[in-house]
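No hydrogens, no waters, no symmetry mates; every other heavy atom, side chains included, goes into these values. Per chain, numbering begins at 1; letters A, B, ... match sequence-line order.
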Amino acid sequence: MEHPFWRILLVFLPLSFLTVGGGQSIVSDVHRQAVEVQGWMSDARFLELFALSRLTPGPGALLSPMVAFEAMGPWGALLAALAIFTPSSFLVWGLAGLWRRTHGAAWQKAVERGLAPVAAGMILAAGATLLRVAEGGWLAWAVAAASTVLLMTTRASPFLLLPAGALIFWVALA
Amino acid sequence: MTTERADAPPPGLMQIFLAFSKVGLTSFGGGLSGWMMREFVGNRRWLTEGEFLDGLSLCQALPGVNVVNLSIWIGYRLRGGRGALAGALGMVVPALILALGVVALAGEAVRGPAAHWMLAGVAAAALGLSIQMGLRAAWRAARRGVAPAAIVAATFVALFALRLPLIWVVLVMAPLGIAQAAWAMSRRGGG
């Protein structure tokens, strides 16, 4: 029987290289792995962790170690953090010098522009995947829609929207 | 762009670590790169806006968590390899400890239905954050033409409707996206 920590590496190591355009983009795959493939937790618990990762400061990608903590405790979390942050870090470190020397080269723009639509599709898929499993039925859709519209049309702060969502759910459902 | 920086010597490793910790622990609800620019370009004047934006474009083009990549880039500019390590650790470690502490405590606290529903409400509102970010990015891509819009749509369908593993989707869509962007740029005569 393989050591369970191999699972952590197998899940999170590839995600280090697959994160394009911010930590949001991999959330749909973290969900797929944690709930469907590995069976570490239920949809409901994953959503709670997602909510906690939004409420706590720091990179949104900390969701991954939080999920690993739930699955395998502190050492699992540490391993997941190393797996998700280290490989891509070495890539940036290695390329930082090259990037300066070839500043503004055409290939850089092509990479940047070419990855943007892929990242957009990934982020939208993350939102839709979690909406599909969100608890609270129509209310979850309504709150998500209202928060989307407010963020797109006003200068509403996420500081206020997240507690507002909690309050609405508490009044309506608890 | 001219490089106008304060003549002060570059900050020490501990200073770098603490400065990144501060940003990591005080930034809520995403938009971290905006906070970093305010702190390091505006307040501390450790690098110019041009240098910062240069690094941001690198970090957006490379895989990895953007804000961690950006911490490495800024730390590297300030103090070489050790600066990069201090920056990345400062950004990740304190926030990681806090996040795990919250999960450990919340494991007990959310057994009650009230806390559980409040977190579900936070999740719903937070989904709005993801969705608006995705919509803005999709809109920017779609304005460039039909092909980028098709790449957004294909990526979305493959992940959401077909539930394909991310690794295969990225291995196919990323080269396609880059090739399309390169082709579009060469057709317009570079640029």
TODO: With a 4.5 Å cut-off on heavy-atom pairs, point out which of B/Pro175, B/Pro165, B/Ala138 contacts chain A the most.
DONE: B/Pro165
Open item on the list: Side chains of B/Met118 and A/Phe169, heavy atoms from C-beta outward: is any pair under 4.5 Å?
Closed with: no
TODO: Quick one: which of A/Glu135, A/Met66, A/Arg132, A/Met152 has the most heavy-atom pairs under 4.5 Å with chain B, could you say?
DONE: A/Arg132
Open item on the list: Heavy-atom cut-off 4.5 Å, strictly under: side chain, backbone, both or neither for A/Ala128 against chain B?
Closed with: both
Open item on the list: What part of A/Thr129 gets within 4.5 angstrom of chain B, counting heavy atoms only: side chain, backbone, both, or neither?
Closed with: both
TODO: Identify which of B/Arg136, B/Met173, B/Gln180 forms the greatest number of heavy-atom pairs closer than 4.5 Å to chain A.
DONE: B/Arg136
Open item on the list: When you measure from the side chain of B/Arg144 to the backbone of A/Arg113, do you find a donor-acceptor pair of N or O atoms at a distance under 3.5 Å?
Closed with: yes
Open item on the list: Within this structure, what is the CG-CG distance for the pair B/Leu100 and A/Leu78, rounded to the nearest 0.5 Å?
Closed with: 9.0 Å
Task: side chain to side chain contact (heavy atoms under 4.5 Å, CB included) partner of B/Val103, chosen from A/Leu62, A/Leu49, A/Thr56 - done: A/Leu49
Task: Whether A/Asp29 side chain and B/Leu166 backbone form a donor-acceptor pair below 3.5 Å - done: yes
Open item on the list: Between B/Ser130 and A/Phe50, is there a side-chain heavy-atom distance shorter than 4.5 Å?
Closed with: yes
- [ ] Pick whichever of A/Leu18, A/Leu91, A/Val143, A/Leu131 has the most heavy-atom pairs under 4.5 Å with chain B.
- [x] A/Leu18
Task: Minimal non-hydrogen separation, A/Pro59 against B/Val68, with atom names - done: CG-CG2, 4.5 Å
- [ ] Ignoring hydrogens and angles, tell me if any N or O in the side chain of A/Ser147 forms a donor-acceptor pair with the backbone of B/Ala125 under 3.5 Å.
- [x] yes
TODO: May I ask you to test the B/Leu119-A/Leu55 pair for a side-chain heavy-atom distance under 4.5 Å?
DONE: yes
Task: B/Ala88, part contacting chain A, at a heavy-atom distance under 4.5 Å - done: neither
TODO: Pick out which of B/Val169, B/Val152, B/Val170 makes a side chain to side chain contact (heavy atoms under 4.5 Å, CB included) with A/Met122.
DONE: B/Val170
TODO: Determine whether B/Ile72 and A/Ser89 make a side-chain contact, defined as any pair of heavy atoms from C-beta on separated by less than 4.5 Å.
DONE: yes
Open item on the list: For A/Leu63, which atoms come within 4.5 Å of any heavy atom of chain B: side chain, backbone, both, or neither?
Closed with: neither
- [ ] Sort out for me which of A/Ala51, A/Ala145, A/Ala142, A/Pro14 touches chain B most, counting heavy-atom pairs under 4.5 Å.
- [x] A/Ala51
Open item on the list: Under 4.5 Å from any heavy atom of chain B, what part of A/Gln33 do you find: side chain, backbone, both or neither?
Closed with: neither
